Structure formats: structure tokens, C-alpha cells
*Asks:* 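This is the structure, below, for whatever I ask next.
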Amino acid sequence: MPRGFDRERTNIHKLQYHFVWCPKYRKSVLTGEVRDRLEELIEEKADELGLEILELAIRPDHVHLFVTGDPTLAPNKIIQQVKGYSSRRLRDEFDFGLPSLWTRSYFVSSAGDVSSEVIEEYIDAQAGE
């Protein structure tokens, strides 16, 4: 098995996702105690979902989350769980004066060890067999 890959009973995988999302109206509310609490909440939810946080950067007006996880958990479900959980908890603990904490939008990108060109070359090479 290649290094860095995870092995399950029925699959071998290495799935990494980079998420970015913002508070409503891009308000700079993710500072101080809010920032610290958000970090704790994201770590709790990642642990519950079986995700490994590779990098977490909380800026005053947006969040970057880089995780690796199991292929049974779709990226849209990951972000839905993280944003929903953190929003509910933070809104109970802090007053933001916003109709909701997060925007409905988010960015997600997958990451891996090989480029798309390498994958295309591999697939083309298999056609000759």
C-alpha cells in the first residue's frame, strides 16, 4: 500500500478537503474568545466525524479548514455538520447581532499527492492493456 494512504476493509483512500467559509455579511466577528471557542467546536465536530484536521486558520472574517477523512462522508455533509454545529453553539454563547452566523456559501477543493496530468497519463496508459 502506498505511504500516506488509509486502508479500510473495502477501500484504500487519501481524501483531503480544503474548506473556506465566512460569517454573514463578512463581518469580522471571529476574534478573541469567539475565535478560541470556534476552534474548540471545530475540533470537537471533526473528532465526532472521524476527520483529521491537517490545518485550521481562523481569520476575523473567514475560516480555512483542511481535513482528511473517510470516503463515506461527502464534502457537503462535512461542511454542513461543521457550520451547523458551530453556528448553533456560538449563537447560544455570544451575541453577534446577525440573522445567522454563517453565509450559506462555502468553498471546497480536494487535494492530493499527484497532479491531474499524472492521473490522465495513468488512465491513458491503462487503455493499452
Side-chain angles (χ1 to χ4, degrees):
M1 180 170 73
R3 280 189 191 204
F5 285 75
D6 294 317
R7 176 183 218 97
E8 303 291 332
R9 186 169 165 256
T10 59
N11 64 65
I12 298 171
H13 59 88
K14 182 174 187 175
L15 293 175
Q16 299 173 329
Y17 301 110
H18 174 209
F19 294 98
V20 182
W21 70 96
C22 306
K24 197 83 163 172
Y25 310 122
R26 195 106 190 218
K27 293 276 188 175
S28 296
V29 296
L30 307 176
T31 60
E33 290 179 38
V34 173
R35 182 203 174 286
D36 296 341
R37 184 64 176 132
L38 176 58
E39 185 173 351
E40 290 173 7
L41 293 171
I42 291 172
E43 288 172 355
E44 285 174 18
K45 184 50 77 171
D47 188 49
E48 179 184 315
L49 295 173
L51 301 171
E52 178 185 350
I53 296 176
L54 302 173
E55 192 70 37
L56 174 61
I58 301 172
R59 305 291 183 244
D61 66 345
H62 67 282
V63 179
H64 288 269
L65 176 62
F66 188 37
V67 296
T68 185
D70 184 301
T72 62
L73 195 56
N76 66 314
K77 297 301 182 190
I78 294 170
I79 196 67
Q80 178 184 29
Q81 291 284 314
V82 171
K83 286 173 65 177
Y85 178 70
S86 61
S87 177
R88 280 188 302 279
R89 298 293 299 269
L90 288 174
R91 289 175 54 127
D92 286 345
E93 298 173 25
F94 301 94
D95 179 23
F96 297 105
L98 296 171
S100 60
L101 178 56
W102 306 120
T103 64
R104 290 177 37 198
S105 304
Y106 63 92
F107 166 85
V108 62
S109 175
S110 59
D113 290 337
V114 296
S115 67
S116 58
E117 292 83 18
V118 170
I119 294 170
E120 289 169 7
E121 289 174 15
Y122 174 78
I123 292 170
D124 289 342
Q126 298 305 305
E129 291 186 356

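Nothing here was measured: the structure is a model prediction, and the numbers come from that model.
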*Asks:* I'd like to know if the side chain of R91 and the backbone of P99 have a donor-acceptor N/O pair within less than 3.5 Å.
*Replies:*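 Yes, R91 side chain to P99 backbone: donor-acceptor pair under 3.5 Å.
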
*Asks:* Is there a path of hydrophobic side-chain contacts, each under 4.5 Å between heavy atoms of I, L, V, M, F, W or Y residues, that connects F66 with L49?
*Replies:*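 Result: no, two separate clusters.
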
*Asks:* Identify the two heavy atoms, one from W102 and one from S86, that lie closest to each other, and give their separation to 0.1 Å.
*Replies:*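 Heavy atoms only, the tightest pair is NE1-OG, 3.1 Å.
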
*Asks:* If I take atom CG from residue L56 and atom CG from residue L38, how far apart are they, to the nearest 0.5 angstrom?
*Replies:*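 Rounded to the nearest 0.5 Å, the CG-CG separation comes out at 7.0 Å.
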
*Asks:* Which atom names give the shortest non-hydrogen contact between D61 and S28, and what distance separates them?
*Replies:*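 For D61 and S28, the tightest heavy-atom pair comes out as CB-OG, 3.9 Å.
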
*Asks:* According to ring-ring contact (aromatic ring centres under 6.0 Å, His included), does anything in residues 37-65 pair up with another residue at least two apart or in another chain? List the pairs.
*Replies:*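 Qualifying pairs: H18-H64, H62-H64.
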
*Asks:* Which distance, rounded to the nearest 0.5 Å, do you find between the CD of E40 and the CZ of R35?
*Replies:*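 Going from CD on E40 over to CZ on R35, the span is 10.5 Å.
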
*Asks:* Test E39 against every option in L30, V63, I58 by the side chain to side chain contact (heavy atoms under 4.5 Å, CB included) rule and name the one that passes.
*Replies:*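 Of the listed options, the one satisfying the test is I58.
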
*Asks:* Can you see which heavy atom on W21 is nearest to which on I79, and at what distance?
*Replies:*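 Smallest heavy-atom distance, with atoms named: CE3-CD1, 3.4 Å.
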
*Asks:* Are V34 and V20 connected, step by step, through hydrophobic side chains (Ile, Leu, Val, Met, Phe, Trp, Tyr) whose heavy atoms are closer than 4.5 Å?
*Replies:*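 No; V20 is not reachable from V34 via cluster members.
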
*Asks:* Got a donor-acceptor contact below 3.5 angstrom from the K27 side chain to the L101 backbone?
*Replies:*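 No.
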
*Asks:* Among the clusters formed by ILVMFWY side chains lying less than 4.5 Å apart, do L51 and F107 turn up in the same one?
*Replies:*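 Shared cluster, no.
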
*Asks:* Rounded to the nearest 0.5 Å, how far does CG of L65 lie from NZ of K83?
*Replies:*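 One gets 12.0 Å once the value is rounded to the nearest 0.5 Å.
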
*Asks:* Rounded at 0.5 Å granularity, tell me how far CG in D36 sits from OG1 in T31.
*Replies:*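 Atom-to-atom, D36:CG and T31:OG1 are 9.5 Å apart.
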
*Asks:* Find the distance between OG1 (T72) and CG (L15) and round it off to the nearest 0.5 Å.
*Replies:*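 With rounding to 0.5 Å, OG1 (T72) is 9.5 Å from CG (L15).
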
*Asks:* For the OG atom of S105 and the NZ atom of K24, what is their distance to the nearest 0.5 Å?
*Replies:*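 Atom-to-atom, S105:OG and K24:NZ are 8.5 Å apart.
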
*Asks:* Under a 4.5 Å side-chain heavy-atom rule over Ile, Leu, Val, Met, Phe, Trp and Tyr, are L73 and V82 clustered together?
*Replies:*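 In one cluster with L73: V82, yes.
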
*Asks:* Could you go through the side chain to side chain contact (heavy atoms under 4.5 Å, CB included) check for R37 and R89 one step at a time?
*Replies:* CA-CA 9 Å; R37 184 64 176 132; R89 298 293 299 269; 2.8 Å; yes

*Asks:* Is there a path of hydrophobic side-chain contacts, each under 4.5 Å between heavy atoms of I, L, V, M, F, W or Y residues, that connects Y17 with L54?
*Replies:*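 Each belongs to a different hydrophobic cluster.
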
*Asks:* Looking only at side-chain N and O atoms, does E44 offer a donor or acceptor that is under 3.5 Å from a partner on Y85?
*Replies:*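 Yes - a donor-acceptor pair under 3.5 Å links their side chains.
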
*Asks:* Apply side chain to side chain contact (heavy atoms under 4.5 Å, CB included) to residues I42 and I53 and explain how you reach the verdict.
*Replies:* CA-CA 9 Å; I42 291 172; I53 296 176; 4.1 Å; yes

